Number of protein chains: 2
Amino acid sequence: MANPSVETVPQGAGDANSRRDRPPTIRDVAELAGVATSTVSRALSRPDRVNPRTRVRIEEAAAELNYIPSSQARGLSSGRTNAVAVLVPDITNPFYFDIIRGTQHQLKAAGVTQLLVDTEESSEMELDALHKMRKSADGFILAASRLTDAQLTEVSQTQPLVTFNRASTSAPTVMIDTPSAIIQALEHLASLGHHKVCYVAGPPTSWSNQMRWKVFEEDATKRGMEVHRIGPYAPKTTSGAAAADAAVRTGATACIVFNDLLAIGMLQRLQARGIRVPADMSIIGSDDIFGADFCNPPLTTISSPIEQAGRVAVSMLLAQLNPLPGSTTRKLAVMPTHLTVRESTGPAPA
Amino acid sequence: MANPSVETVPQGAGDANSRRDRPPTIRDVAELAGVATSTVSRALSRPDRVNPRTRVRIEEAAAELNYIPSSQARGLSSGRTNAVAVLVPDITNPFYFDIIRGTQHQLKAAGVTQLLVDTEESSEMELDALHKMRKSADGFILAASRLTDAQLTEVSQTQPLVTFNRASTSAPTVMIDTPSAIIQALEHLASLGHHKVCYVAGPPTSWSNQMRWKVFEEDATKRGMEVHRIGPYAPKTTSGAAAADAAVRTGATACIVFNDLLAIGMLQRLQARGIRVPADMSIIGSDDIFGADFCNPPLTTISSPIEQAGRVAVSMLLAQLNPLPGSTTRKLAVMPTHLTVRESTGPAPA
DNA sequence: CAATTTTTGGCAACCGCTTGCCGCAAGCTT
DNA sequence: AAGCTTGCGGCAAGCGGTTGCCAAAAATTG
């Protein structure tokens with residue numbers, strides 16, 4: 001600093017600023033750096049808009065004061081909240097934990113706050129959250145949305161969002177490659193000699209449930225299998241008992257189950273009833289959630305990179321929020337799936 | 001309203017307000033109701049501060065416009081954000097999922113937003129989050145804080161917080177009754193004839209880990225048991241293998257493990273090595289997380305109402321934020337624990 | 001060296017809401 | 001009836017930033 005005038009900023013408050021009780025504001029920084037607040041603001045958000053020298057000075061001042069801009073105030077004037085809301089149908093479900101983990105991770109990396117919302121499997125709550133939070137979030141990630149196509153379309157026109165595991169023509173989507181997964185699972189079952197298969201259905205409003213059933217039916221029929229369907233069941237372990245009993249009653253030798261939670265519940269019930277898995281019945285779950293590897297028997301399941309899906313969803317949303325000139329925003333990401341064969345599947349009983 | 005002058009507010013925009021593109025602000029509501037914005041503000045936040053008649057009028061106007069106050073703006077002027085941050089060491093750990101679920105639930109009921117932060121088991125990140133978010137959250141819930149006593153004390157002077165599973169003299173705390181739990185577990189083991197017991201330790205910085213060990217050592221010694229200790233291990237299933245091997249090597253016939261994650265990992269390893277649980281070795285976990293009931297064998301574990309603990313933590317924090325005149329704020333809540341005996345514990349080998 | 005362009009930083013008007021203070025009108029006292 | 005509370009609503013000053021606009025300073029040009 002060769003220029004002494006720089007040091008001679010008007011210091012009305014003497015050293016009072018070194019230890020004020022309130023958190024420092026942009027004004028404190030401005031004063032300390034001897035510039036206007038607008039300059040501080042610019043130095044911090046659009047660094048190339050100010051002279052490198054002043055920028056450094058401001059940065060130093062900010063660092064010295066331990067200044068952190070108020071996201072509130074920033075949001076007020078800029079209209080951006082720097083937060084995105086993640087809506088999940090059921091925060092209790094480990095499947096969503098995985099996705100939350102993914103979004104959380106990626107959001108954090110981007111310096112964006114995650115607002116977590118449990119919509120309790122209800123489209124009303126979902127819509128309500130979407131509405132109430134339109135001001136407090138820059139965008140939304142809808143995991144397994146329960147909204148109708150029309151609702152989804154309407155909402156997506158008002159606010160930036162990306163859906164996860166819910167096809168949509170109106171909004172960017174990241175999906176799990178369910179069709180492929182179901183086909184892999186049926187192939188596995190077929191190779192083990194199963195002829196009578198049963199789909200254990202989840203929530204009727206779940207798009208992925210519908211999708212799974214559709215592909216299941218098509219492909220199993222094509223293979224000449226006897227196809228059954230039971231359900232719907234709530235995607236919880238506690239629903240597993242009913243599902244297991246119903247499954248046994250169909251006479252099927254193998255089940256593909258809507259998700260792991262339900263599958264694990266079935267496992268427990270089957271064991272309690274003395275029905276051996278996989279000797280008497282094979283079970284295939286879906287999602288490969290926490291626990292699928294250590295339940296008894298370990299569950300054969302459709303694995304998908306859920307956490308990664310969460311990250312991708314965030315990336316897509318962020319890309320939508322800050323459109324980069326060159327790149328066009330991706331409208332669809334399909335996450336690959338594979339069958340993780342563990343011990344809940346085996347040869348069809350003779 | 002007999003006074004016509006009230007109705008005769010300047011209406012520059014005619015009926016343009018019925019369908020503006022931007023979300024309605026408090027001004028729109030004020031205009032529609034024919035009052036000042038301050039009155040709207042009060043009608044909405046301190047209803048008894050305005051005349052019931054005007055309040056109704058304002059409420060109607062607000063409803064008609066579908067008005068939702070901007071939490072940003074509200075926060076800016078009132079200094080409150082209506083959000084609380086929940087810091088957990090590892091969002092990946094099902095244990096914290098339970099507590100998150102509890103806090104989320106209770107916070108939602110209070111109309112407060114939950115800000116979830118993963119501190120990655122690092123006290124620096126924890127401190128950093130505490131600092132960075134001091135403006136964006138009204139209070140903090142520190143789950144299993146990694147902070148030192150001094151840090152905790154200092155922080156708790158600046159911002160409202162409650163700690164969970166981390167004793168603190170400076171901040172309100174909700175704790176799991178670990179001592180009792182460990183004693184119950186040892187009692188259980190003793191009654192099964194075990195004499196050589198081993199504590200499998202978790203993160204050294206974890207207060208509850210230290211606590212558990214302390215009580216374990218005291219009580220086991222008092223019972224004349226041979227006590228071992230191994231660890232520390234990261235509280236993840238993947239650390240279970242090393243822990244299991246080390247445990248076997250101690251010659252102990254029963255282990256009390258820092259948490260279920262680690263215990264389940266040990267179960268897997270022991271099974272892989274052909275060591276039967278509980279015939280050859282008994283295992284007791286802690287927390288009763290998701291999965292503890294369906295792992296193989298189902299895990300005997302220390303159950304505690306974690307989700308409820310989350311709710312209590314929120315209540316205590318909220319009480320601290322809006323002190324009710326009459327009531328004194330509770331400084332400590334201890335959640336009861338009990339031993340859930342499943343199949344991973346059995347008689348000591350002969 | 002004057003004229004012109006580009007940088008750089010300041011001014012000030014918000015963003016949407018809260019709140020201290022004030023004044024008016026109505027209700028009570030005596 | 002005059003004097004005092006009390007209840008209700010408006011005014012206006014912020015809260016802590018951002019940003020369009022403008023002018024001074026610096027760099028470029030002929």
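Please read all numbers here as calculations on a predicted model, not as lab measurements. Proteins get letters first, then strands, A, B, ... in listed order; numbering begins at 1 in each.
- Surrounding NZ of A:Lys132 are at most 12 heavy atoms belonging to other residues, nucleotides or ligands under 6.0 Å away.
- Remark: A:Glu154 CD is loosely packed, at most 12 non-hydrogen atoms of other residues, nucleotides or ligands lying under 6.0 Å away.
- Separating the CD1 atom of B:Ile58 from the P atom of C:dT18 is a distance of 12 Å, rounded to the nearest angstrom.
- One can find a donor-acceptor pair under 3.5 Å joining the base of D:dC11 and the side-chain atoms of B:Ser38.
- At a cut-off of 3.5 angstrom, the base of C:dG10 holds at least one donor-acceptor pair with the side chain of A:Arg42.
- Rounded to an integer number of Å, the gap from B:Leu44 CG to C:dT18 P is 8 Å.
- Taking five base pairs at each end of the helix from C:dC1-D:dG30 to C:dT30-D:dA1, the local helix axes there meet at an angle of 30°, rounded to 10°.
- Between atom CZ of residue A:Arg74 and atom OG of residue A:Ser71 there is a gap of 8.0 Å, rounded to the nearest 0.5 Å.
- A side-chain N or O of B:Thr173 and one of B:Thr163 form a donor-acceptor pair less than 3.5 Å apart.
- For D:dT18, the OP1/OP2 oxygens have a side-chain nitrogen or oxygen of A:Ser41 closer than 4.0 Å.
- Using a 4.0 Å heavy-atom cutoff across all strands shown, A:Arg46 reaches sugar-phosphate atoms only and no base atom.
- Look at CZ on B:Arg57: it is 8 Å from P on D:dG9, rounded to the nearest Å.
- Heavy atoms of B:Ala73 sit under 4.0 angstrom from at least one base atom.
- Heavy atoms of A:Ser45 sit nowhere under 4.0 angstrom from any nucleic acid atom.
- The base of D:dG7 is not paired with the side chain of B:Arg49 by any donor and acceptor separated by under 3.5 Å.
- One distance of note links OG1 of B:Thr92 with CD1 of A:Ile100; it measures 11.5 Å at 0.5 Å rounding.
- When rounded to the nearest whole Å, the span between CG of B:Asp48 and P of D:dG7 equals 11 Å.
- Atom CZ of A:Arg311 sits about 14.0 Å away from atom CG of A:Leu318, to the nearest 0.5 Å.
- Counting only heavy atoms from C-beta on, B:Thr39 has its side chain closest to D:dG10 among D:dG10, C:dG16, D:dG17.
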